[in-house]
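Both counts, for ligands and for their atoms, begin at 1 and track the order of listing.
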Amino acid sequence: MTRTLSFINLRRSFTTLLLATAGYHYVEASLNSMMQANGKLYFGNIIDTNTMQGNEDGVLKGEFGMFTPEYSWKWNRIQPEKGQFHFNDSDAVMEWAEANGKQIRGHTLVWHQNIPDWVDAITDKEDLTKVIKDHINKAVGRYKGRVYAWDVVNEVFNEDGTFRDSVFYRVLGEDFIPLAFRTARDADPNAKLYINEYNLDYAGPKIDAMLNLIHRLQAQNVPIDAIGSQTHLTSGRVSEVPAQLKRLASTGLDIAVTELDIRIKRPVTPAKLQQQKGEYALVTKGCLDVPACVGISMWGVSDKNSWVKEALPAFGAPLMWDGNLRRKGAYGAVDGLLRKVGEGAEMAGAKVSVTRRHGGRRGRHGKRRLSL
Ligand code: G3I
């Protein structure tokens, strides 16, 4: 048993002891099971060869039910050379998930980043069409019936709502999107097919462009099932998230928060961490309040291993665990919210309601109570 796991169990038993003496029955439930108790499918995170055996293993297995491969399922890893497919790492991730009773969101098939030079160099429409079809058939076909969803196309828009420059858009125009979705549907009819994008968290030309694209795809009967809003947020710029999730849901598609983190402008202070707490609760509530929102996926566990550290060094502390894998206030805010909202629902397989051992439905102070 990893050191982390023993620490978590120690905390659990201490918390249980504390609450028992206060007359509460405390049910330790994972974020995933509490999210399910709130009628959602999952609370998820990322996994890959760097974290599968790492010290985050206990938290990942203990708290989350859905996993997104952080980098090993991307084009440059799966097909670095034309016609040469490498599935060792991606297979290892799939087997880790299956061995631990977890689900996978495949990430990602067609993206302007992590594209090998041989793809970037293509200028012929027929050639690129064949290459896209072949890649999707191989990657999606390999995990057919084993993944919950695929991010079929990722980050197609610029901030002004125009299409991002990529070999796909340069050579095929907008048509690369229906091509990718139709090919993915044929390759695995059961997988939920997502378009995934960032900065859909506030009103503006980018989310408008996304909504217009969805309407065009729906008019062409393109087999798209859902919109992934990455939700890489900056603390202090979070308030519009619930409203924009509702707008995305107005398309009639499923939606999901697919890569959640809330970065804090350095220096990171207790006051800023306190603000972050409220912001994590706001985003979580934003998903809970939208029936079409199927779940939330984080983009990392410990602040120490976040992509933010290298990519955006002026920011820090974006996640729910600190560099020593201690739960932050952000975790407590999400945990508390899921518990409160989940009252009366199935949680961790047990019927849960908040009761004081001795007292009516609501305790002396109108306090909610927890009992099995
Ligand atoms: O594993 C190799 C290692 O062997 C090698 O020594 C090292 C140096 O080159 O690279 C390591 O691979 C890196 C990998 O992260 C693991 O750290 C890749 O070069 C690097 O490109 C990869 O970065 C990923 C990035 O996407 C690009 O794929 C990040 O982990 C990942 O967090 C980031 O995630 C993206 C989402 O896919 C899309 N949305 C934004 C998000 C953040 O940028």
Side-chain angles (χ1 to χ4, degrees), residues 44-57 60 64 66-80 86-93 96 104-117 119-120 135 139 147 149-159 164 166-168 177 180 193-201 206-207 210 226-235 237 241 248 255-264 283 295-321 323:
N45 213 315
I46 49 177
I47 189 77
D48 222 307
T49 50
N50 58 346
T51 47
M52 273 187 328
Q53 270 86 36
N55 66 351
E56 296 177 346
D57 186 58
L60 289 165
F64 302 105
M66 179 70 74
F67 287 87
T68 307
E70 187 176 12
Y71 49 83
S72 65
W73 290 37
K74 291 170 179 171
W75 197 314
N76 66 334
R77 295 295 183 107
I78 285 195
Q79 193 185 179
H86 299 255
F87 291 113
N88 295 352
D89 288 351
S90 53
D91 284 354
V93 168
W96 177 92
I104 289 279
R105 301 185 72 261
H107 176 84
T108 179
L109 296 167
V110 178
W111 185 29
H112 68 285
Q113 276 194 42
N114 291 155
I115 288 292
D117 296 345
V119 178
D120 241 357
H135 183 77
V147 301
W150 274 98
D151 291 333
V152 177
V153 294
N154 193 37
E155 303 176 6
V156 299
F157 290 115
N158 295 314
E159 296 312 304
R164 178 190 294 278
S166 73
V167 61
F168 307 111
I177 298 174
L193 304 183
Y194 278 69
I195 184 167
N196 195 43
E197 184 61 90
Y198 64 91
N199 287 357
L200 300 178
D201 318 301
K206 195 172 192 179
I207 189 168
M210 175 61 83
I227 306 167
S229 180
Q230 293 183 10
T231 322
H232 290 292
L233 300 167
T234 301
S235 185
R237 207 170 172 207
V241 169
L248 295 173
I255 64 168
V257 171
T258 54
E259 305 184 15
L260 178 60
D261 47 34
I262 307 180
R263 57 188 179 264
I264 295 174
V283 173
I296 294 173
S297 293
M298 299 290 304
W299 207 250
V301 171
S302 158
D303 290 336
K304 196 172 66 189
N305 301 327
S306 167
W307 69 284
V308 169
K309 221 171 72 182
E310 274 169 37
L312 302 161
F315 295 85
L319 295 166
M320 293 203 280
W321 281 262

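Annotation for ligand 1: atoms under 4.0 Å from non-hydrogen atoms of N154 are 38 (C). The E155 neighbourhood of ligand 1 comprises atoms 38 (C), 39 (N), 40 (C), with distances under 4.0 Å to a heavy atom of that residue. Annotation for ligand 1: atoms under 4.0 Å from non-hydrogen atoms of Q230 are 39 (N), 40 (C).
Closest heavy-atom approach to atom 42 (C) of ligand 1 within the set W75, Y71, Y198, W307: this belongs to W307. The closest heavy-atom contact to atom 25 (C) of ligand 1, among the options K74, Q113, E70, comes from K74.
There is no protein heavy atom less than 4.0 angstrom from atom 4 (O) of ligand 1.
For atom 40 (C) of ligand 1, the nearest non-hydrogen atom of the protein is E259 OE1, 3.4 Å.
Among the atoms of N50, none of the N or O lies under 3.5 angstrom from an N or O of ligand 1.
Checked against side-chain hydrogen bond (donor to acceptor under 3.5 Å, both in side chains), S90 has the following partners two or more places apart in sequence or in another chain: Y143.
When each of T258, N196, T108 is tested with N154 by the rule side-chain hydrogen bond (donor to acceptor under 3.5 Å, both in side chains), just one qualifies, namely N196. Of the candidates Q230, E159, K206, E155, N199 forms a side-chain hydrogen bond (donor to acceptor under 3.5 Å, both in side chains) with just one, namely E159.
Proximity of N114 to ligand 1 is established by a heavy-atom distance of less than 4.0 Å. Ligand 1 does not have N196 within reach: every non-hydrogen atom of the residue lies 4.0 Å or more from it. Contact between R77 and ligand 1 is present, with at least one heavy atom of the residue lying under 4.0 Å from the ligand. The closest approach between a heavy atom of W111 and any atom of ligand 1 is below 4.0 Å.
At distances below 3.5 Å, not a single donor-acceptor pair connects side-chain atoms of N76 with backbone N or O atoms of I115.
Side-chain polar atoms of D48 and S72 form a donor-acceptor pair below 3.5 angstrom.
Heavy atoms from other residues, nucleotides or ligands lying under 6.0 Å from CZ of R237 number 12 at most.
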